[in-house]
Amino acid sequence: MNKSLGWRLCCAAALIVALLTFTPLITPNGVWEPRWMGMPYTLWTGILQALVLVGLTWLGTRLHPSNKK
């Protein structure tokens, strides 16, 4: 896979994850269950989403077309 295609896929994935933030899948109204390690659903899914975005950002820095490595 060339860097340009990887970069575009990375950008598309970040956009999809960011858009999912505002759907009821990630932030449903009044949903506290299931709990994980004492944290309600909305909190641990938000933390997971943030980690995915951090990973996509790291990957994007490696796949950016102007990166000469």
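Residues take their numbers from the sequence shown, with the count starting at 1.
Note that the CG atom of Leu9 and the OG atom of Ser4 stand 9.5 Å from one another [nearest 0.5 Å]. Between atom CG of residue Leu43 and atom OG1 of residue Thr45 there is a gap of 8.0 Å, rounded to the nearest 0.5 Å. Note: Leu15 CG to Leu20 CG = 9.5 Å, rounded to the nearest 0.5 Å.
Contact record, Met39 with Ile47: SD-CD1, 4.0 Å, taken as the closest heavy-atom pair. Here the closest non-hydrogen pair linking Leu56 and Cys10 is O-SG, 3.1 Å.
Transitive grouping of hydrophobic side chains (ILVMFWY, heavy atoms separated by less than 4.5 Å) brings Trp44 and Leu51 into a common cluster. At a threshold of 4.5 Å between side-chain heavy atoms, the hydrophobic network of Ile, Leu, Val, Met, Phe, Trp and Tyr places Val52 and Leu19 in two separate groups.
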